[in-house]
S.K.: 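After the structure tokens below, expect a handful of questions from me.
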Protein chains: 2
Amino acid sequence: MNTDFREKLQEKGLKVTPQRVAIFEAILKLNNHPTAEDIIAFIKTNHPNISVGTVYKVLDTFVENNLLKKVKTEKDSMRYDPHVANHHHLYCYETERIDDYEDEKLNELISNHFKTHKIKNFKIQDIKLQITGKFNNQ
Amino acid sequence: MNTDFREKLQEKGLKVTPQRVAIFEAILKLNNHPTAEDIIAFIKTNHPNISVGTVYKVLDTFVENNLLKKVKTEKDSMRYDPHVANHHHLYCYETERIDDYEDEKLNELISNHFKTHKIKNFKIQDIKLQITGKFNNQ
DNA sequence: TTATGCAAAGATAATCATTCTTATTTAGGA
DNA sequence: TCCTAAATAAGAATGATTATCTTTGCATAA
Ligand SMILES: [Mn+2]
Ligand SMILES: [Mn+2]
Ligand SMILES: [Zn+2]
Ligand SMILES: [Zn+2]
């Protein structure tokens, strides 16, 4: 999993640095579409000298190179998603929790719908669902 | 349409002020899910003394009272939507344009799908599609 | 080896949307 | 008309993000 990520960096012509590896690992570990702040806090424990600016710069680089996605929210701080394949999100309206939601049947349903119901003057690139609600337990 | 809005304010127990009316009119006129900045710029022409803080406070009040919705984006500044009934959005990946998209058939399709495919540990409140792509002309 | 080039990281200042504070004004009911 | 809670104005403060500038780490060429 680590070598995997190193290879991806190299494919994109990006240098493999300890910071980049640490930031990506942090995002995987944190596992709730973390903010930059979450990432910084997590990394600071093992890697206390990392610079805030570096984290933001690395996150941008990752997004540009499609190693991460930004997640839309209505909050001030951006959240990041290591899951770059197309998928949907469950948003809790009470907490900051955002979970992934994958549903191949639903994707087909929607994709078929748009085959017969074109949107005038608009070329679709991708479709995401924001499913807002409340998690039960856990 | 204006009296309509005044009545809505009164129903909610909110005072009808020139600032509130101007802000709501601006959002309707601007008609592209404007930012606070767009609204301020628009209002300043007729109403030069309005305060920036007032605009933000009024926007919050409107959102709390369901007269406006916030629109999720991955940009820094928030956008506002006077269209509070549930509907979807077309996002252009090249420009800041966001259009409304309503599709009753699609809503039914999705709603039926979730009747038979419950999400474990999650109670759905609402579902919005973010349809990203590119507008043709116009 | 040593020098040169260059991407990346660190430190920290600057920016900019938004929020907060405090004094003042006003809408709307009594 | 008067009163008062609610709303606004002005501007300072905050906080996330971006920009700037210097330093570091390597690779490659002299
Ligand atoms: Mn709209
Ligand atoms: Mn911000
Ligand atoms: Zn995700
Ligand atoms: Zn809308």
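Residue numbers start from 1 in every chain, and the chains themselves are labelled A, B, ... in the order their sequence lines are given, proteins ahead of strands.
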S.K.: Using the test ring pair (Phe, Tyr, Trp, His ring centres under 6.0 Å), find all partners of B/H47 that sit at least two apart in sequence or belong to another chain.
M.R.: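 Counting only residues at least two positions away or on another chain, B/H47 forms no ring pair (Phe, Tyr, Trp, His ring centres under 6.0 Å).
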S.K.: Which side-chain N or O atoms in residues 103-115 of chain A pair as donor and acceptor under 3.5 Å with protein atoms at least two apart or in another chain?
M.R.:
| unit_1 | atom_1 | unit_2 | atom_2 | d |
| --- | --- | --- | --- | --- |
| A/D103 | OD1 | A/K105 | N | 3.3 |
| A/D103 | OD1 | A/L106 | N | 3.0 |
| A/D103 | OD2 | A/Y101 | OH | 2.5 |
| A/D103 | OD2 | B/H113 | NE2 | 2.8 |
| A/N107 | OD1 | A/H88 | NE2 | 2.8 |
| A/N112 | OD1 | A/K115 | NZ | 3.4 |
| A/N112 | ND2 | A/E108 | O | 3.3 |
| A/H113 | NE2 | B/D103 | OD2 | 2.8 |

S.K.: Sequence neighbours excluded and cut-off under 3.5 Å, please list the side-chain donor-acceptor pairs for residues 57-70 of chain A, or say none.
M.R.:
| unit_1 | atom_1 | unit_2 | atom_2 | d |
| --- | --- | --- | --- | --- |
| A/T61 | OG1 | A/K57 | O | 2.9 |
| A/N65 | ND2 | A/T61 | O | 2.8 |

S.K.: A/D76 CG to C/dT15 P: how many Å, rounded?
M.R.: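 From A/D76 CG to C/dT15 P: 19 Å.
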S.K.: Name all residues meeting the side-chain contact (heavy atoms from CB on, under 4.5 Å) criterion together with A/D126; count only those two or more places apart in sequence or in a different chain, and write none if there are none.
M.R.: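 A/N86, A/K128, B/T132.
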S.K.: How is the base pairing of DNA chain D summarised as a dot-bracket string, given the Watson-Crick and G-U wobble criteria with both distances under 3.5 Å, [ ] for crossing and | for another strand?
M.R.: ||||||||||||||||||||||||||||||
S.K.: Could you note down all residue pairs passing salt bridge (Lys or Arg N to Asp or Glu O under 4.0 Å) where residues 84-96 of chain B supplies at least one of them, sequence neighbours left out?
M.R.: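 Every salt bridge (Lys or Arg N to Asp or Glu O under 4.0 Å) pair that includes a residue of residues 84-96 of chain B, provided the two are not neighbours, is B/K75-B/E96, B/E94-B/K134.
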S.K.: Assign B/S77 to base, sugar-phosphate, or nothing according to its heavy-atom contacts below 4.0 angstrom with the strands shown.
M.R.: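 The residue B/S77 makes sugar-phosphate contact but no base contact.
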S.K.: How would you summarise protein contacts on nucleotides 18-29 of chain D per nucleotide, using B for base, S for sugar-phosphate only and - for none, with heavy-atom distances below 4.0 Å?
M.R.: B-----------
S.K.: Please tabulate, for the side chains in residues 34-42 of chain A, all donor-acceptor contacts under 3.5 angstrom to protein atoms that are two or more places apart in sequence or on a different chain.
M.R.:
| unit_1 | atom_1 | unit_2 | atom_2 | d |
| --- | --- | --- | --- | --- |
| A/T35 | OG1 | A/E37 | N | 3.3 |
| A/T35 | OG1 | A/D38 | N | 3.0 |
| A/T35 | OG1 | A/D38 | OD1 | 3.4 |
| A/T35 | OG1 | A/D38 | OD2 | 3.1 |
| A/D38 | OD2 | A/T35 | N | 2.9 |

S.K.: Under 4.0 Å from OP1 or OP2 of C/dG10: is there any side-chain N or O of A/Q19 that close?
M.R.: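 Checking C/dG10 against A/Q19, a side-chain N or O does come within under 4.0 Å of OP1 or OP2.
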S.K.: Rounding to an integer number of Å, can you tell me how far A/K75 NZ sits from C/dT19 C1'?
M.R.: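 These atoms are roughly 15 Å apart.
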S.K.: Between B/D99 and B/H33, do the side chains contain an N or O donor and an N or O acceptor separated by less than 3.5 Å?
M.R.: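 No.
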S.K.: Only counting residues at least two apart or in another chain, list the ones meeting salt bridge (Lys or Arg N to Asp or Glu O under 4.0 Å) with A/E74.
M.R.: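 Checked A/E74 against salt bridge (Lys or Arg N to Asp or Glu O under 4.0 Å); matches are B/K72.
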S.K.: Between C/dA27 and B/T17, counting only base atoms on the nucleotide and side-chain atoms on the residue, is there a donor-acceptor pair under 3.5 Å?
M.R.: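 Such a pair does not exist between side chain and base.
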